[in-house]
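Please read the structure below before turning to the comments.
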Amino acid sequence: MYSTASSRKKEKAERTVGGVPSPAAPRQYTRLQKFWKDNREGWMFVLPLVIGLGVFTVYPMFQSLIWSFFNYTGDTYFYPVGLNNYISILTKDPYFWQVFGNTCYYVFVSVPIVLVSGYLLACLVNLPYKSIGFFRVVFYLPCVIPGIVSGILWGDMFSTNGVFNKLLALFGCHSDFFQSGNSFVAISSIFLMNLWSIGGGMILWLSAFKAIPAQLYEAAQIDGAGRFARFWHITIPQSAPMIFFNIVTMLIGTFQYNGTLVFASNNGEGYRNAMNMFAVYIYNQAFRASKWGYASALSWLLLIFVGIVTGIMFWLRSRIMKED
Amino acid sequence: MDGTTIKNVNAANLFNKRKKTNELIFRICMHVLMAVIGIILIFPYFFMVMKSLMSTEEVTGAELVIIPASPQFSNYLKMLTDEGYFAAFGNTMFVIIFNLIAVPLSATFIAFGFARCNFWGKNALFAFMLSTMMLPGVITQIPLYGLYSSLGWLNTLLPLTIPNLTGGGAIYIFLARSFLQSLPKEIDDAAKIDGAGSLRRYFFIGLPLCKPIIIYIMINVFNSNWGDYYGPLLWRVNDEFPSTLAYKVFYSLTNTDVGNDKINIRMAAGVFMSLFPAALFFIFQKQLIEGVTMDGLKG
């Protein structure tokens, strides 16, 4: 066996004489042995990853695909129903399209808000003042507060007798915020809450700015490019790879938003399903209603939808790249 | 002739002066703007601290109280003892300490393989790993519940810890790999020539060099585990579950048995929960704000 320590030493000694490969006795390996010898080190390092991906990602993925074709409720009796889960989700489910609409509204408004507000704030704290460091810390601070804590806090501030309603009462208004039965109002209050952690988007853009060479801006300024032209022709293209990556991960993350579990009534669904979104709906179908097969089909629909959106993003990127 | 030059000089001076005052006004405006935004962003936090110090009557009363008449510091004591938050804190610390060791170690270990070794299937595996970042996590939830159920892991802290032995997420492996690749390869090659095996090279060269990225990973691991209520929510079956702090807060929030009069205790828990991430942030703000985050994506 060549793999034991002593034989390996001997083999090394055989092969090299004073640093020069000796032609005398080149060790003969079968192809398989050589293949194993070349690869075993690398394989050893990635073995945990392979196990992890296999057990915690690939297996569950296919298991859920299989379950999505079954009427499975978590007990031992289950029977195949073909595509019926999918069909009934798309045609019969009374909540699905509302959930879908809520999720789309949340995702496609929330992500641009984060990007735009983060950009504006980043421009502000990119000014060359001494006090900037302090403001950066203040702006970023709300982001380090755990989501559950901000959920409690905003749930209280948005309550019927909370701060915001006292403020609105000065103008003779009242809003139900999270308790609203209107999806538009309820989900828009989430945007208001998310504005609190605007610092996250700020950091994103700041690190993008940092990667752009200053000469580009100087040259553009000499050529007479205005603020907007510099943003459009330098900042955007230069930070495009990073911003693109962040948009894609942000989209995927936002599609699975389950923060409503903390502050919305009815197990995160909100009053009259106003805040019912995909992730929470899947959770409630799977773990409260025990409809595992149905929930698996839902999660595959989510995967397909996220895949389509990601695909569109990549397509848009290649289109824009081509134009440059 | 003379008169016009003087006039010109005067005009230039005036122009410079005006530019300077303009800049000053701009500067003041920007500072006022930043101060206003800062105050708006800090206010909710201030509000939370105040609410955590209120008595039950002040919390449940109809009119709005911003500053409590007499601060009730006993709320914090009540929170830490009566409500069993202390045990939950212990459980959270167990999970966090395990992950603080497991994630950086396994992530850099795997990343070392990607950065410094050549093996069959490397690029395919790496691409596959990255593509799992795009996979919505909800899709694995339900089968994992089944898996953990058959392993007997439900109602324990094992699902929150053991899976993290396998790298703790593609993003960490990706970051560690980019970081390792940005380091000069010469040290590694020198060690290789001196006869150091790959494990030895990892532990004595790769791992110490990875310190900045390890700090970054550790901060993120701490924050994500500290505030994680969803994991415990998934794997909990009944009250025997060793509840973590975040889950405890979540449970007290959603459970209808716990009335609205406990909002001050809950706020105290919220303040307590935000202390640790805030402290971490103040210590490591440079690493977090300037960020090694996306250095690997520049190219």
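Below, each value reflects all heavy atoms present in this structure, side chains not excepted, and no hydrogens, waters or symmetry copies. Naming convention: chains lettered A, B, ... in sequence-line order (proteins, then strands); numbering from 1 in each chain. Computed from a prediction, not measured in an experiment: that's the story for all the values here.
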Heavy-atom side-chain contact between [X] and [Y] under 4.5 Å:
{"X": "A:S299", "Y": "B:Q141", "result": "no"}
{"X": "B:M129", "Y": "A:V46", "result": "no"}
{"X": "B:L147", "Y": "A:P60", "result": "no"}
{"X": "B:F119", "Y": "A:D38", "result": "no"}
{"X": "A:P146", "Y": "B:P277", "result": "yes"}
{"X": "B:L234", "Y": "A:Y283", "result": "yes"}
{"X": "A:F134", "Y": "B:M34", "result": "no"}
{"X": "B:L41", "Y": "A:L141", "result": "no"}

Which bit of [X] comes within less than 4.5 Å of chain A, counting heavy atoms only: side chain, backbone, both or neither?
{"X": "B:Y202", "answer": "side chain"}
{"X": "B:F126", "answer": "neither"}
{"X": "B:R116", "answer": "neither"}
{"X": "B:Y229", "answer": "side chain"}
{"X": "B:S106", "answer": "neither"}
{"X": "B:F250", "answer": "both"}
{"X": "B:F272", "answer": "neither"}
{"X": "B:L233", "answer": "both"}
{"X": "B:K122", "answer": "neither"}
{"X": "B:M48", "answer": "both"}

Just give me the residue among B:L199, B:L280, B:I40, B:N223 that pairs up with chain A most often, heavy atom to heavy atom, under 4.5 Å.
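Top option by heavy-atom pairs under 4.5 Å: B:L199.
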Among the options B:I42, B:L125, B:I173, B:D228, pick out the one with the most heavy-atom pairs lying under 4.5 Å from chain A.
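Ranked by contacts with chain A, first place is B:L125.
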When heavy-atom pairs shorter than 4.5 Å are enumerated against chain B, which of [options] gives the highest number?
{"options": "A:V306, A:V138, A:L303, A:L251", "value": "A:L303"}
{"options": "A:A279, A:S296, A:G52, A:G42", "value": "A:G42"}
{"options": "A:T57, A:V262, A:L302", "value": "A:V262"}
{"options": "A:N161, A:L127, A:I152", "value": "A:I152"}
{"options": "A:Y129, A:W67, A:Y59", "value": "A:Y129"}
{"options": "A:L53, A:V50, A:T160, A:I51", "value": "A:L53"}

Heavy-atom pair with the smallest gap, counting every atom of [X] and [Y]:
{"X": "B:I142", "Y": "A:A295", "value": "CD1-CB, 3.5 Å"}
{"X": "B:F109", "Y": "A:M44", "value": "CE2-O, 3.7 Å"}
{"X": "B:N118", "Y": "A:N39", "value": "O-OD1, 4.1 Å"}
{"X": "B:L135", "Y": "A:Q256", "value": "O-NE2, 4.5 Å"}
{"X": "A:L124", "Y": "B:I37", "value": "CD2-CD1, 3.9 Å"}
{"X": "A:I145", "Y": "B:S274", "value": "CG1-CB, 3.8 Å"}

Trace of the side-chain contact (heavy atoms from CB on, under 4.5 Å) decision for A:V149 with B:V249:
CA-CA 8 Å; A:V149 176; B:V249 174; 5.9 Å; no
Please determine whether side-chain contact (heavy atoms from CB on, under 4.5 Å) holds for the pair B:T140 and A:F56, giving the CA-CA distance in whole Å, both sets of side-chain angles, and the decisive distance to 0.1 Å.
CA-CA 7 Å; B:T140 59; A:F56 300 114; over 6 Å; no
So A:V137 and B:F282, side-chain contact (heavy atoms from CB on, under 4.5 Å) or not? Walk me through it.
CA-CA 8 Å; A:V137 171; B:F282 277 118; 3.5 Å; yes
To the nearest 0.5 Å, how far apart are OG1 in A:T310 and CE in B:M134?
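If we round to the nearest 0.5 Å, A:T310:OG1 and B:M134:CE are 6.5 Å apart.
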Using modelled atom types only, decide if a donor and an acceptor are shared between the side chain of A:W43 and the backbone of B:W120 within a distance under 3.5 Å.
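Such a contact is found between A:W43 side chain and B:W120 backbone.
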Side-chain donor/acceptor of A:E41 to backbone N/O of B:C117, under 3.5 Å:
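No: the side chain of A:E41 does not pair with the backbone of B:C117.
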CA sep, side-chain torsions, deciding dist, call: B:V138, A:F278, side-chain contact (heavy atoms from CB on, under 4.5 Å)
CA-CA 9 Å; B:V138 286; A:F278 240 123; over 6 Å; no
May I ask you to check whether B:Y145 and A:F287 place their ring centres under 6.0 Å from each other?
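Yes: the rings meet the under 6.0 Å criterion.
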What part of A:V248 is in contact with chain B, defined as an atom under 4.5 angstrom from a non-hydrogen atom: side chain, backbone, both or neither?
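The side chain, not the backbone.
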Parallel, tilted or perpendicular: which describes the rings of A:Y140 and B:F281, with under 30° parallel and over 60° perpendicular?
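Geometry flag for B:F281 against A:Y140: tilted rings.
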